[in-house]
Amino acid sequence: MIVAGRMFRAFFGIAARRAVWDYLRFVALIMFILLAIAWTIDLAEHFAFMRRDAERQGLPVHQLLLPYLAYRSADMVARMLPMACFFGVFLAEIARRARLETVIFTAAGASPLRMVAAVLIFGILAGGLQQWLEAYGRPAAVAAQIRLGHGDYAERFRPHWTRGHVWFLGGDMAVRARILRDDPPAMRDVLIFSGLRQPHLQTIYSAKRVDPTDVPFLWHLQGVEKWRAAAGQDEAEPQADLTLRLDLIPEQLTYYRMPGFYLHTEPLRRLAQIDSAPRTVVDANMALWRRRVVWVLPGALALLAVCLTKFGYSGRQPNVPRLIALALFGYVTVVSIKVLWAVGELGGLPAPVAVLASVGFILGVSGWLLRKLS
């Protein structure tokens, strides 16, 4: 009972509540500063286009601007929340030290459990937000921004026919086509080459349009011509519309060249199961692993920030050069997470290694620092 009471006070006592409140306030402040900078940079490029579009539609500009900022904010917060968590908690601990809160607790014999308890509560709150943004908020915001028709994502990922031809390789076939990146997608000006694993091409199909069917991997061809290359046929023969199996799923067209972390989870799972597109599988697996682990990241960075600040003081006096060096170490750590994730997306590391190594390094350093403090 005594141990349970101590645990309850450590997690829900006034000290933990004050610490969590300080962490949230400072993280919100850092996040707002980062958002303001990001908004300024973004609007410098796109505000003039939104104003002209609002004038053309006869709308007040804020009816386009406010939804646009909301959609962009979901993406920006998802990207920058880890950075805000580290620096927000780092500054909060410095402020608490300046108010002598942590000094009093240490002098009173408070165990490191009290420090970890506040970080754990904060990590649950911030980690839940990060998880929601990664899995739901950002994909929905990017899709809404595309529908709004403004910003880089609307320009890069809008539904349209590709100008040039796109190649898809899978199994014994290769497909060259112009694709409609939409839901549902389509292909036109299509050439389908079969027999790639044979000494000579077997058959070439030409189709004016190809659409997906309700059956996975089956596609409906219209305006078909067929050339039997293996039989030495000189000319292509017109064919009736037919259904052909291709190692291709509609999501590969709908989300062509769209990074996996912008997609909802269900399309990612389907893309991760394709054997014929290794680059797509790597990107989808990386996004899925990020969603499995990312909820730990804010708490891990907060714990690292708390531990680092303890080594930024000489007695009760702040050692400013040391604090700056420790903050720089934290910044490099946050950047290294992005680097490892980018390496994983390029296929340089397996997805589990790229994601778990980043979080594991932070927790390992924090654990080592906690051991030195206790």
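Quick note: numbers below take in every heavy atom, side chains included, and nothing from hydrogens, waters or symmetry partners. Quantities reported herein were computed from a predicted structural model and do not represent experimental measurements.
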Indicate if L66 and Y68 have the same hydrophobic cluster label, given that clusters are the connected sets of ILVMFWY residues with side-chain heavy-atom separations under 4.5 angstrom.
no
Testing L191, L221, D189 one by one against S206 for a side-chain contact (heavy atoms from CB on, under 4.5 Å), which residue passes?
L191
ILVMFWY cluster, Y262 and L148 together (side-chain gap under 4.5 Å):
no
Kindly confirm or rule out a cation-pi arrangement of R371 over W368, judged by NZ or CZ under 6.0 Å from the six-membered ring centre and within 45° of its axis?
no
Is S336 reaching over with its side chain to a backbone N or O of T333, donor-acceptor style, under 3.5 angstrom?
yes
Exactly one of R290, R291, R79 clears salt bridge (Lys or Arg N to Asp or Glu O under 4.0 Å) with E134, and that residue is R290
May I ask you to decide if the ring planes of F90 and F87 are parallel, tilted or perpendicular, using 30° and 60° as cut-offs?
perpendicular
So do the side chains of Y23 and R96 get within less than 4.5 Å of each other, counting heavy atoms only?
yes
Measure from the side-chain N and O atoms of Q145 to the backbone N and O of H150, and report whether any donor-acceptor pair falls under 3.5 Å.
yes
For N285 and V281, indicate whether the former's side chain and the latter's backbone hold a donor-acceptor pair under 3.5 Å.
yes
Would you compute the distance between atom NZ of K208 and atom CG of D241 and round it to the nearest 0.5 angstrom?
10.5 Å
Heavy-atom count around W295 CH2 within 6.0 Å, excluding the residue itself: above 12?
no
N/O donor-acceptor pair under 3.5 Å between T254 side chain and D182 backbone
yes
Shared hydrophobic cluster for V334 and L363 (ILVMFWY, side-chain gaps under 4.5 Å)
yes
Honestly, is R188 close enough over W161, meaning NZ or CZ under 6.0 Å from the six-membered ring centre and within 45° of the axis?
yes
Cluster link V224 to F193, ILVMFWY, side chain under 4.5 Å:
no
Taking the side chain as C-beta and beyond, is there a heavy-atom pair between C307 and L304 under 4.5 Å?
no
Is the cationic atom of R72 (NZ for Lys, CZ for Arg) positioned less than 6.0 Å from the six-membered ring centroid of Y153 and within 45 degrees of its normal?
yes
Once you round to the nearest 0.5 Å, how far does OG1 of T280 lie from CD1 of I274?
6.0 Å
Return the CG to CG distance between D211 and L180, rounded to the nearest 0.5 Å.
9.0 Å
Check the pair L65 / F47 against side-chain contact (heavy atoms from CB on, under 4.5 Å), numbers first and verdict last.
CA-CA 8 Å; L65 179 62; F47 181 72; 4.2 Å; yes
Testing the basics here: between R158 and A154, what is the closest heavy-atom pair and its distance to 0.1 Å?
CB-O, 2.9 Å
From CG (L297) to CG (L81), nearest 0.5 Å:
8.5 Å
For the hydrophobic clusters of this structure (ILVMFWY residues joined by side-chain heavy atoms under 4.5 Å, transitively), does one cluster hold both M187 and M258?
no
What closest approach, in Å, do A38 and M80 show between heavy atoms, and which atom pair accounts for it?
CB-CE, 4.2 Å
Is there a side-chain contact between V89 and V27, using heavy atoms and a 4.5 Å cut-off?
yes
Do R97 and Y313 meet the cation-pi criteria used here (NZ or CZ under 6.0 Å from the six-membered ring centre, within 45° of the axis)?
yes
Please check if the side chain of R178 supplies one atom and the backbone of T162 the other of a donor-acceptor pair under 3.5 Å.
yes
Restricting to non-hydrogen atoms, name the atom on P185 and the atom on P212 that form the minimum distance, rounded to 0.1 Å.
O-CD, 3.3 Å
Say you draw a straight line from CZ of F217 to OG1 of T243; how long is it, rounded to the nearest 0.5 Å?
15.5 Å
Measure the shortest side-chain to side-chain distance between H46 and D152 over non-hydrogen atoms and say whether it is less than 4.5 angstrom.
yes
Within the distance-only criterion (no hydrogens, no angle test), does the side chain of T213 pair as donor or acceptor with the backbone N or O of H220 below 3.5 angstrom?
no
Please examine the side chains of L242 and K226, heavy atoms only from C-beta on, and report whether any two atoms are closer than 4.5 Å.
no
Within the 4.5 Å heavy-atom criterion, are L263 and P139 side-chain neighbours or not?
no
Intermediate values then yes/no, side-chain contact (heavy atoms from CB on, under 4.5 Å), V335 and Y331:
CA-CA 6 Å; V335 172; Y331 173 78; 3.7 Å; yes
Quick one: does E251's side chain have a donor or acceptor within less than 3.5 Å of a partner on L268's backbone?
no
Using side-chain heavy atoms (C-beta onward) and a distance below 4.5 Å, is L91 in contact with F86?
no
Rounded to the nearest 0.5 Å, how far apart are CG of L328 and CG of L323?
12.5 Å
Search all heavy atoms of P298 against all heavy atoms of F122 and return the closest pair with its distance.
O-CE2, 4.2 Å
Given the rule in the side-chain contact (heavy atoms from CB on, under 4.5 Å) test, do V119 and V20 qualify, once you have shown the distances and angles that lead to the verdict?
CA-CA 7 Å; V119 172; V20 172; over 6 Å; no
So, the side chain of E55 versus the backbone of R52: is there a donor-acceptor pair under 3.5 Å, distance only?
no
Where C85 and A126 come nearest, the two heavy atoms and their spacing:
SG-CB, 4.1 Å
Any chance you could lay out the side-chain contact (heavy atoms from CB on, under 4.5 Å) test for L246 and M173, step after step, and finish with the verdict?
CA-CA 7 Å; L246 304 175; M173 286 188 172; 3.5 Å; yes
Is the side chain of R322 donor-acceptor paired with the backbone N or O of F311 at a distance under 3.5 Å, no angle test?
yes
Got a donor-acceptor contact below 3.5 angstrom from the H62 side chain to the P60 backbone?
no
Mind checking whether F361 and V359 have side chains closer than 4.5 Å, heavy atoms only?
no
What pair of heavy atoms forms the shortest contact from A135 to H264, and how long is it?
O-ND1, 4.3 Å
